[in-house]
Protein chains: 2
Amino acid sequence: MIGPTTNQAMGQRPPTGPLDGMAGPLSRRLGVHAPLSGDDLAALSRLAVRETVVVAHTDLVRQGEPAENAFLVVEGIAASYVQRASGARQILALLLPGDLCDPDLAHLEHWDHGIATLSHCRIARVPRAALEELIATRPAVALALRRTKLEAEARSRAWLAALGIGHATERLLRLFREIIDRMHALGLADRNEGPLPLTQVDMAECIGTSTVHVNRVLQELRRSGMVELKGSRLRLLDRAGLDTLAGE
Amino acid sequence: MIGPTTNQAMGQRPPTGPLDGMAGPLSRRLGVHAPLSGDDLAALSRLAVRETVVVAHTDLVRQGEPAENAFLVVEGIAASYVQRASGARQILALLLPGDLCDPDLAHLEHWDHGIATLSHCRIARVPRAALEELIATRPAVALALRRTKLEAEARSRAWLAALGIGHATERLLRLFREIIDRMHALGLADRNEGPLPLTQVDMAECIGTSTVHVNRVLQELRRSGMVELKGSRLRLLDRAGLDTLAGE
DNA sequence: ACTTTAATTTAACATATGTTATGTATTTGT
DNA sequence: ACAAATACATAACATATGTTAAATTAAAGT
């Protein structure tokens, strides 16, 4: 590893030009759910502004703050989370490239959850007004956004069920599978191998256990030849076995 | 307890006339979130059809079935849930009187979760077409529905976080508090006392533990004078202590 | 009223996971 | 290249929760 930046976590993309990639992940993602016209795409490309680089484990919005604008993950992995006064955190959902942190929140006076980067990220802002205008004037975009949201809700249900039903091993495997699968769908990972720029603390906060236990489970998964994880690169070595262990 | 029917679980309502209460809970609920005109209310009252009485623990929709119409809980408590092949269940959310099981599901080909009654219920059907027409033609109703959904999503986040972070005692207390508070908001319970027509199996599936453990925790809560629970009637005896134990 | 079924309670024991602590590897910054 | 900070690994022990099973109580159906 040689480069001066730490982007290896997120993989292959070289330093980018001024506008490259800003609207890319968003329109690529939305385009999956509804056919978008050239005008739609152009409007989307103007939506995200003020792209910045944010280091890992930085809050974008803290719980309790007023809701102002939405965030778009251009590169890296971010997450929404809930935090208790005790300091304990639970991650609610992962935000991957092209994901918009919940845009429907306009009606809440204050955020009941926070948004933070997990890895190094490139983050763009999406002004609420612009987003709502786009929804009002471009039906195809509105439809794509709705379907994207339905997908996120389905993931959220599965996430909640796994927390309630499964053991830590199952939950960790589900987490790995979700990240690889979603990254693969974005063209950012192979089918069974990809970047995993999370710390074990992050994983623990995803699956609702302690760091120590994440490590324990991970060692066992390595020993049994289920996964390989070195330097934020993950390989799933036995997909069939994984799907069995992780439940349907 | 004398009456021939077992409706005491849900409390005070005597046998009802033909249309009484059908639209009641729905419009009462929606009216909290946006001002509704007389026309709005009239349209809402025509929305729910085919009201039926359903005994406890009956599936309304099973996972994997095609999505046809939405359900409105008129009386009683229902729930959405996920079920594994192993038989293990996790309840995702409670549906109380006036709650509509997620109406946005029209776009999913198949339900990724089921809906079942927990207590005896009165359930009405809501045809998707009618619902969508109402949303398209009545902005106030559409707004109220959106806000109601935002509220449900916030509850879902809190539910997920509790599963990941809290111990069983905390989760059970949160469950009790949620039911009493929501019932109270509907005028169906006092501030600290109300119906709790769930079995301990239901509670276990809500908070993600075993039945035996629910019973253990419940006994301890009774011994410490935190709650009283007899014959599906719940009293919270120490609200301040509860709020401490349950976390913010 | 009676029978059957479902729900609750409790015990004894097995196990998954939490906690605290300490040492080692990796990164990161300079 | 070095120092400082993070992240990872592992151990020993405490505890919350799962499991199985059996006895008791309450509810539902006829």
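Residue numbers begin at 1 in each chain, while the letters A, B, ... track the order of the sequences.
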If the condition is side-chain contact (heavy atoms from CB on, under 4.5 Å), which residues does [X] pass it with, not counting sequence neighbours?
| X | result |
| --- | --- |
| A:V212 | A:S210, A:R216 |
| B:R177 | B:R174, B:D181, B:R239, B:L242, B:D243, B:A246 |
| B:T211 | B:Q200, B:V201, B:A204 |
| B:A161 | A:V82, A:Q90 |

Minimum-distance pair of heavy atoms, taken over all atoms of A:H184 and A:R191: ND1-N, 3.5 Å
5' priority, DNA chain D, between B:V55 and B:R216 [closest heavy atom]: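 Closest to the 5' end, via its nearest nucleotide, is B:R216.
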Restricting to salt bridge (charged side-chain N to carboxylate O under 4.0 Å, His left out), what partner residues turn up for [X], sequence neighbours left out?
| X | answer |
| --- | --- |
| A:D190 | none |
| A:R89 | none |
| B:D202 | none |
| B:R84 | A:E170 |

Difference in axis direction between the ends of the helix from C:dA1-D:dT30 to C:dT30-D:dA1, five pairs, 10°: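 Angle reported: 70°, given to the nearest ten degrees.
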Nearest-angstrom distance from the residue atom CD of B:Q90 to P of D:dG18: 11 Å
Partner residues of B:S156 under the side-chain hydrogen bond (donor to acceptor under 3.5 Å, both in side chains) criterion, sequence neighbours left out: none
Contacting residues from residues 164-174 of chain B, given that a heavy atom lies under 4.0 angstrom of DNA chain D: B:H167, B:A168
Where protein sits on nucleotides 3-8 of chain D, one letter per nucleotide: B base, S sugar-phosphate only, - none, heavy atoms under 4.0 Å: ----SS
